Amino acid sequence: MSNLLIYPIIIPLLAAMVLVFFRDRIKLQQWISALSLLATIGISIYIIHYVSTEQILVLELGGWAAPYGIVLVGDMLAVILTAVASFVTLMCLLYGFQSIETGHKKHFIYPMILILLSGVNGSFLTGDIFNLFVCFEVMLIASYVLIALGGKKIQLRESIKYVLINVIASTLFVIATAYLYAATGTLNLAHLSERIAETGQDGLLTAISFIYLTVFGLKSGLLLFFWLPGSYSAPPPPIAALFAALLTKVGVYTVLRTFTLLFYHKPEITHTIILWMAAITMILGALGAVSHWEIKKILSYNVIISVGFILFGVAVGTEQALSGSFFYLIHDMLSKALIFITGGAIINIFGTDKLKEFSGLILFRPLLGWLFFIGVLALAGVPPLSGFVGKVMILQGALSAGELAVSIIGLVTSLMVLYSVLKIFIHSFWGETLMSEGQEYSTGKHALLPGTILVVCIAAMGLGAEWVNTYVAQATEVMVNPNLYIEAVFKQISP
Amino acid sequence: MSTLHLAILLPFVFVVIIPLLYKYTRAIHTGWIALLVPVTLFVYFIQFFSINKPIEPITVSVPWIPSIGINFSLYLDSLSLLFALLITGIGSLVVLYSIFYLSKDRERLNLFYAYLMLFMGAMLGSVLADNLLVLYSFWELTSVSSFLLIAYWYQRKRSRYGAQKSMYITMTGGFSMLLGFIILYVASGTLSIREIIAMGDVVSSHPLFIPAMFFILLGAFTKSAQFPFHIWLPDAMEAPTPISAYLHSATMVKAGVYLVARLTPIFGAQLEWSWTIIIVGIVTLFMGSFNALKQYDLKALLAFSTISQLGLIMSLLGIGSLALNPNYAPYSEYFIGALVAGILHLINHSVFKGSLFMMVGILDHETGTRDIRKLGGIMHLMPISFTLTMIGAFSMAGLPPFGGFISKEMFFTGVLDLASHSNGWAVIIPIVAWIASIFTFIYCMILIFKSFTGTYHADLLERTPHEPPFGMLASPAILAILAIALFFFPGLVDTSILEPTVKGMAPSAQLFIDEPNWHVHISAWHGPTLELFMTIALILIGVFLYLKIEKWKGPLFELLPKRLNLFTLYDKALVGMEKASTKITKTYMTGSTTHYLAYIFTFFILVVLITLFGTGSFIFDTSQDSPLEWYELMLGIATVIAAVFVLFSTSRLLSIISVGVIGFTVSLFFVIFRAPDLALTQLVVETISTALFLLCFYFLPKMKASVESIKFKLTNAIISICVGVTLTLMGLTAYGYRVFDPIAEYFSNSYKLAGANNIVNSILVDFRAFDTMLEIVVLFSAGVGIYTFIKLRYAGRNE
Amino acid sequence: METFMIIISGILYTIATYLILNKNFLRIVLGVTLFSHATHIMLISINGLKRGAAPLLGENAEAYTDPIPQALILTSIVISFALTALLLVLGYRTYIELGTDNMKKLRGESHE
Amino acid sequence: MNLKFTDVYLQTATKILVFIIMTFSIYVLFAGHHNPGGGFIGGLITASALVLLYVAFDLQTVREVIPVDFKKLAAAGVLIAVLTGVGSLVLGVPFLSQTFNYFDLPFLGKTELATALIFDLGVYMCVVGTTLTIITSISEDDI
Amino acid sequence: MTTQILINLLIAITWMLLNEEWDVVSFGAGYFIGFAIIASMRRFFPVPFYGRKMIAVIKLFLLFVVELFKSSVVVLKEVIRPTLKIKPGIFRSETILDSDFEITLLVTLLTLTPGSVVMEIDPKAKVMFIHAMDVDDFHNNIQRTKSRFEKAIIEVMR
Amino acid sequence: MLDKVMLFAMFLLTVSLLLTLYRIIKGPTVHDRILALDSIGYIVIGIVAVLSIQLDSHAYLETILLIGILAFLSTIALSRYMERGVVIGRKRND
Amino acid sequence: MDGSAMIEWIVIILVLIGTSMSLLSSFGMLRLPDVYNRAHATTKSATLGILSILLGAFIYFLFTHGVSSIRLLLGIVFVFFTAPVAGHLIIRSAHRYGSPLSPISVQDDLQKLLDEQAIEDDEKVRPIEAES
Ligand code: NA
Ligand code: NA
């Protein structure tokens, strides 16, 4: 049964490797990748069902028990994220089937997307800190390739920065793990949790947690997001959508995981820092979003804002706030995919992303317009879409904990989110229609199917929030009670 | 799911149905389909209404997200019934009117009515919701749908501008309100308004109670266009006139008033609440009426009049809320009177403003202009229109025999009572109110007489005006009749609506404790009171000023400082915000990797060092060190020398070779550290890396001796040293920290466990084979990536 | 020896960081390489050196050094290699397309 | 008299040396389980041998002699490594469970056969494939 | 000749199989026995016995070692001497060898011998250029050494 | 005895290493450096061999051959690079 | 003197010879005037010095551990074969690149020939301007 957990990692991986042998058969590549993703989603959903009805799944890879071997741990947090990540990848892929250039398709873009997902799913599922590093690298290396693929000047320019900064972050990850192993003598998350708890997380461990925070902050765009806007504006839209929906979220997940499972003993130090990092992130992200007039840049800064908001909930750290953060995290993966896919379609259609150079698209792409508009509302947290529920949950938690100031920052920045994204809607869809149908660079129609599916999901997640919350609650339960995680890994049945 | 739920759902169903049916029903005006909704709903809601007795409140609930306290619970009492009737009643008239106003051939009516239904449903939901967040949900939906309605003619720049403005301002208020609501939830543990009211002091003792109050008020003020948030409303006039009639008479802008009325039982006892509302209301009243004088566009004039009238209503509600304050308990009767006046004026305003908007729409429709400088002398061409306009305008001016007269008189009573029963400086309020009423009188006169009397300029008009079709006149006519009826039969609403509403708003007022059987009684005639003289004086002065208007208007508005204009302030604020954001963002988003890395390192150094020393955790312990042989020492020094050499070398080849040398010394260290596998791997990897450096090297330009400024170098040097020191100190501490045994012991059984003598290898291919599996994926991806980087090039090299 | 090696790696970190903060691409990549060398030395040093024979059971020693850091470093070496290679080629391509390896000139129109 | 200097010495020597290196790399690959070595090092050494060929000769000559698509070789390596794990799925044991046993084989005597070796073979192939993909790609580039 | 070596190897392995011993010593014994057998039956083969070549190889090796030591002494003396008195230069030299392998062998040996390093080779023209540390040494010793090597190599290869 | 001699041998080798390192830094030509690098390879082989004897472990013997391979590879790569401008060439039509 | 002590002595002598050779050739590297002469020093340090040390190690492991390390033997053979190739290539490359001979050189037949003979351009490609 526990072998279930490996599928979300190896199905995409195997598919990716098989695709290498069918380099010139694009249709076949598309079929294989779509089917493998469907299979991954299916299995992930089954895992969610299993975990929710039975227990946390633990896979001891190679049959080596923790802490000696590597374990995969499927608690609700991890398995939901796995499912959502796979789903979002499928959406981006559907969008990319038409909008990606043939050259890219022949140059391993599909294998790389699948490898990216494999790394992402691995990062969610792994129960070993060093393995997390390796999964990160799988994900990152695929992202390096994807971001530079095509070799346009802007891509090269931005990817070189992206790679450089991430390489340094990766090295810091290794350093942190070196210190952690020296201090605790183990790499297994559950075992680490136990040992850290035993010391009460003294100064050294807290300092180590900050190295991790630097690394994860970099990956997630928490405060250290400087690399992000440029990098996310460089690749073709489907890739940007994939990045926006997945990459930073993995960073967010790791912050969530490490600071609820490992370093939760000194919240007055760690969580306070995260809180203010989150606040500054929201503010700077919002300023950046407001200041730009290019679709890609605006949307990239929006990625940053939401990261700040989610981690604000994590910093508050109460059960309510954590639930909210997790809910919002799922919402954000879906809605970022939506807004990047539909926004990408606008760019495809006009051949540029400079807002001042186009207008009036709604006349012949009304559905696209409405999908984008709903995306705008979802980002701003307008009810009854999913963003609203997540926002309310985080704010409930935060205000219960008395965090009024940062809550206000959160709301002011959501206004600026609205302002920035609405600007895109108004400038691209409204106004005089300057272009007639048939003159577009691309029809933009390939965004409609994934866009519609995502809109349905976002609306369903808002309206059916109670149902979603039953799963979110199960995930939060583990976050607030790390013993559940530890017991699952070490197979001790709690009384 | 109750009928009440279904009633709210109905418009939303039509939001979907109307566009779906649109293709097949092009033959008939879509408005007729849409009309079904408000009429049905009005009929439904009117059943709850009975003239003689107040409605029995109804509560129904459907769970939505109970885990966070959000239930789809609805509450129908007299206050919400009043609003429901206004929404559906005036809604019906507006839809009817729009059928004649909007051409079914030229307009995309599917969208128009879909938006309108969306708005109607949202409005209904807002006033019926008992759950704060459900209320909020619908509230935001009204903002969104009005955004779409205002930008209905999205090609026009002004429409888009107005839509955005209303969206930003009302959303700002909305978000603030959300914060307030959540604080209420945190304080009370419930989102049900009735439950919160029932809790009383438990809620008001929460430390964030007063902030919550202000957050919520901000929501109400923005929605109800109170000063200084009124600026969105005039620009919202870009919407088609039926929309203006609907949004700005009975619905959207009244939502804020509704909210204040609804939450008065929670906050009313706070003086901050009362005085904030009173002052904001009076300022809004004054400012709105004053600015209305300046307008030449009839719709703009009505917009400012709406602002002003809303201020009036607000201030009445504020005065009325004093009835809840224990300090003012003795005068609660007077303040209750103000509440009554507020609700009554709300009704009156909906009636006359609805009709006036429609009449302006008719004028626009018939003459092609709304500019009073172009209009004039068309009274005899459009006598019915003139009459209907006059009724509306006189009611607004507060003249008998129209409903507006009564509530305006009661307003005077209210402000006079306030002045006499509170602080001394409050005497200024009736004076301001009275002056504002003079302005109101004047702009009402302008509205009627500048457009219908005087000289007729046929040359300025696009077409010869004549009376519109009957259907178009029907709706304003019905409202005009209501405006008269409200003067003669105020009893229509006093027992049924006013009394239960004010009792609901101020349940703890001393008046109701003293006189449980207190009844509202309204009559048109009060005898020769101060209020009456105020009205007479007002009319006299008003007429005089109206006649001389050309003489004083220009100079007066010249006097006012132009810079303080809130409208330009808004524009400048937005531009300023973008500029400031750009400036701030530019200062740190330089695009320079060096800068970004410097920030990252700085952050890292700060948090780590501060934690390490702040918690006093630094350890320096060499007792467990293994002996240091001198050749090891020399090797270490050689490594450092080679590294320093890289630092100063300007030759690329030499730098590469030196780094290669360091790689080899590291391999040697691995030999010394008993790590043969590492030594082997490091050796090959180092060589191949060096080869790669050389492969790519040929194309790289010559390295120049760095020409950076000393400051740049110094900053970098400091950061570098700090990084080195931080990592060293952490390393020493981690090394000296000996609390746990590593898990390593287990692996010395690797031969038994994994059949391998090479423990490292058995870890790589067995114990931690998963790492290795993923690692070769990394390697593979890098290989493929490099291949694609080189092979796949952007077709248009010269972008 | 551990303390000595930790200090050596600290010096390498310092130099590597200074190189990384340089504008010249080649120096940066060399800095990155040094950075990972320093990390590997650090990783193995703080976990105790020479605490036994090489982790080969054929050595018949009483104690073996901790194999875990070695395994981690091996993985890290290979990954660093992959990353360095990728970075180098990226720099190479960038130089060919944009004609510079100066990071200062790769800023882009900052804030387009 | 016109003289034409050639690489005859280097190339002849290389032909001999490559055999030594290849043998060594295969040894390192299989000895890795008990001695220092394994798939990584073995692969890297094989790659070095091939690079030596490339340096001593030239791209085209070596490609004619070794007509392998190195990208596919690398992918095949990863596939092999992952598939050893998939084998465990089929057997219903945890993913990547390795097993080993001892056999008496002629010429080799008591020999241990471990699935980990197959895994290591995958690693080896991936390393060879990747390294050569990288090196040949860069070398083939014309600016 | 290859056949002879293969048969020899086969005999060695058979020997090991028979003895069920799998180590170098056993292999060496088997190989020696095989060598002896083939030597005794050398007339059955169409080509000469490969043992002769073995002797030639050993002769070449010994020659090399001797030359190595002789010239080492010369060069090291130069290095240790307080003032350098060498007169280096690049000299043209011709060879009588022609196959690639022969030339390779010659160049290896010449280069390994202290005092001379081969620089350029034109196998067609049978010309090579040698860098020598001392002009006198080149004319007196290196040229002679080269001829000796050439003869020994021809003996091995042909 | 053996141990001490090995330490002494190590000392001599390290001195050689430093002398050769000096040549790398001093140059003056690129070829001098390549030559010195090649030399370093051999010295390191010696160091590893001596170290193996000293540590009484044959775990590092693979390293010796490997260094030999790599030093050779680097040397010829560098020399070829210097004489042709590329490390790996294309077929010349002559 | 028993067997093992003798072996020990043999090892010691071999290693010492090797290291001394190695040191001497390093001196050579230092003292000799140009790259061509220094190449003599390295090729010799490799052959004599390292081969001697390796032989010492081989004997040590053969007799004290009974391990006949084929790896070590292979290493010896490999070094033996590669050292001259490396030396040859380096100075060939140096000459082709144009490194000057030291002034004490008395003769350069090769340069004389090259001057006489037109050399194809591609043999003379200068990848970079002389550095350092
Ligand atoms: Na535009
Ligand atoms: Na690394």
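Lettering of chains follows the sequences in order, A, B, ..., and the numbering in each one begins at 1. What you are looking at is a predicted structure, and each value in this text was computed from that prediction instead of being measured.
Of the two parts of Y787(B), only the side chain, counted from C-beta on, holds a non-hydrogen atom closer than 4.5 Å to a non-hydrogen atom of chain A. With a 4.5 angstrom heavy-atom cutoff, F175(B) touches chain A via backbone and side-chain atoms both. Neither the backbone nor the side chain of L146(A) comes within contact range of chain B, judged by heavy atoms closer than 4.5 Å. Heavy atoms of L395(A) lying under 4.5 Å from chain B belong to its backbone as well as its side chain. Looking at L415(A), the atoms closer than 4.5 Å to chain B (heavy atoms on both sides) sit in the backbone and in the side chain alike. Proximity to chain A is absent for every atom of F613(B), based on heavy atoms less than 4.5 angstrom apart. Of the two parts of F747(B), only the side chain, counted from C-beta on, holds a non-hydrogen atom closer than 4.5 Å to a non-hydrogen atom of chain A. Only the side chain of F789(B) comes within less than 4.5 Å of a heavy atom of chain A; its backbone N, CA, C and O stay farther away. Using a 4.5 Å cut-off between heavy atoms, I182(B) contacts chain A through both its backbone and its side chain. Using a 4.5 Å cut-off between heavy atoms, K791(B) contacts chain A through both its backbone and its side chain. Using a 4.5 Å cut-off between heavy atoms, I6(A) contacts chain B through its side chain alone, with no backbone atom that close. For D766(B), the parts sitting under 4.5 Å from any heavy atom of chain A are the backbone and the side chain alike. Using a 4.5 Å cut-off between heavy atoms, S414(A) touches chain B through backbone and side chain atoms alike. Only the side chain of M277(A) comes within contact range of chain B, with at least one heavy atom under 4.5 Å from a heavy atom of that chain. Only the side chain of T615(B) comes within contact range of chain A, with at least one heavy atom under 4.5 Å from a heavy atom of that chain. Looking at I584(B), only its side chain comes within 4.5 Å of chain A, counting heavy atoms on both sides. Neither the backbone nor the side chain of L116(A) has a heavy atom closer than 4.5 Å to any heavy atom of chain B. Using a 4.5 Å cut-off between heavy atoms, L164(A) touches chain B through its side chain atoms alone. Contact of L208(B) with chain A is made through the side chain alone, with heavy-atom distances under 4.5 Å. In this structure, chain B has a heavy atom under 4.5 Å from the side chain of K391(A), while its backbone stays farther away. Residue L779(B): no heavy atom, backbone or side chain, is found under 4.5 Å from chain A. In this structure, chain A has a heavy atom under 4.5 Å from the side chain of F603(B), while its backbone stays farther away. Contact annotation for L284(A): both backbone and side-chain heavy atoms come within less than 4.5 Å of a heavy atom of chain B. Contacts between L753(B) and chain A at a heavy-atom distance below 4.5 Å involve backbone atoms as well as side-chain atoms. Contacts of F388(A) with chain B are made by side-chain atoms alone, with heavy-atom separations under 4.5 Å and no backbone atom involved.
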| message | Between D202(A) and Y737(B), does the side chain to side chain contact (heavy atoms under 4.5 Å, CB included) criterion hold? Intermediate values first, please. | response | CA-CA 11 Å; D202(A) 47 25; Y737(B) 185 91; 3.0 Å; yes

| said: Set out, in order, the CA-CA distance, both residues' side-chain angles and the distance that settles side chain to side chain contact (heavy atoms under 4.5 Å, CB included) for Q164(B) and W430(A), then state yes or no. | reply: CA-CA 12 Å; Q164(B) 286 181 76; W430(A) 284 354; over 6 Å; no

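Taking every heavy atom of both residues into account, A183(A) and I208(A) meet most closely at CB-CD1, 4.3 Å. Smallest separation of non-hydrogen atoms from L463(A) and W64(B): O-NE1, 2.9 Å. Nearest approach of T270(A) to S209(A), heavy atoms of both residues: CG2-OG, 3.7 Å.
Relative ring orientation between H427(A) and W293(A) is described as perpendicular, the plane-to-plane angle rising above 60° on a 0-90° scale split at 30° and 60°. In this pair, Y162(A) and Y144(A) present their aromatic rings perpendicular. The plane angle is above 60°, beyond the 30 to 60° band. Ring orientation note: the planes of F767(B) and Y746(B) are nearly perpendicular, at an angle over 60° on the 30°/60° scale.
Contact tally against chain B (heavy-atom pairs below 4.5 Å) for E198(A), Q320(A), H191(A): the top residue is E198(A). The residue among F147(B), Y136(B), W139(B) with the most heavy atom pairs within less than 4.5 Å of chain A is F147(B). With chain A as partner, the option from D771(B), T593(B), L774(B), I183(B) having the largest number of non-hydrogen pairs under 4.5 angstrom is D771(B). For the set E775(B), Q155(B), K579(B), the count of heavy-atom pairs under 4.5 angstrom toward chain A peaks at Q155(B). Interface check for chain B: of the options L224(A), L61(A), I175(A), N131(A), the most heavy-atom pairs under 4.5 Å are formed by N131(A). Heavy-atom pairs under 4.5 Å with chain B were tallied for I211(A), L223(A), T433(A), V382(A); the largest tally goes to I211(A). Between chain B and the options I269(A), L156(A), L404(A), heavy-atom pairs under 4.5 Å are most frequent for L404(A). Options I619(B), L133(B), I70(B) differ in how many heavy-atom pairs under 4.5 Å they form with chain A, and the most are formed by L133(B). Ranking L140(A), T470(A), L218(A) against chain B, the residue ahead of the rest is L218(A), based on heavy-atom pairs under 4.5 Å. Of the residues considered (L178(B), V144(B), L597(B), L727(B)), L727(B) shows the highest number of contacts with chain A, using heavy-atom pairs under 4.5 Å. Most heavy-atom pairs under 4.5 Å with chain B: of the set T126(A), L149(A), V215(A), L172(A), this distinction falls to L149(A).
In this structure a side-chain-to-backbone donor-acceptor pair under 3.5 Å is missing from Y154(B) to G360(A). With S359(A) contributing its side chain and E432(A) its backbone, the two residues share a donor-acceptor pair below 3.5 Å. Within the 3.5 Å criterion, the main-chain N or O of I68(B) finds a donor-acceptor partner in the side chain of Q396(A). Looking at S748(B), its side chain never comes within 3.5 Å of a backbone N or O of A744(B) through a donor-acceptor pair. The closest donor-acceptor contact from the side chain of S581(B) to the backbone of G288(A) lies at 3.5 Å or more, if one exists at all. For Y419(A) (side chain) and A289(A) (main-chain N/O), no donor-acceptor pair under 3.5 Å exists by modelled atom type. The backbone N or O of P384(A) sits nowhere less than 3.5 Å from a side-chain atom of S137(B) that would complete a donor-acceptor pair. In this structure a side-chain-to-backbone donor-acceptor pair under 3.5 Å is present from S176(B) to F215(B). Side-chain atoms of T772(B) come within 3.5 Å of backbone atoms of L764(B) as a donor-acceptor pair (strictly under, hydrogens ignored).
Taken from OG1 in T206(A) to CD1 in I610(B), the straight-line distance is 13.5 Å, to the nearest 0.5 Å. Rounding to the nearest 0.5 Å places OG1 of T602(B) at 11.0 Å from NE2 of H595(B).
Relative to the ring axis of F226(A), K161(A) does not place its NZ or CZ within 45° and under 6.0 Å from the centre.
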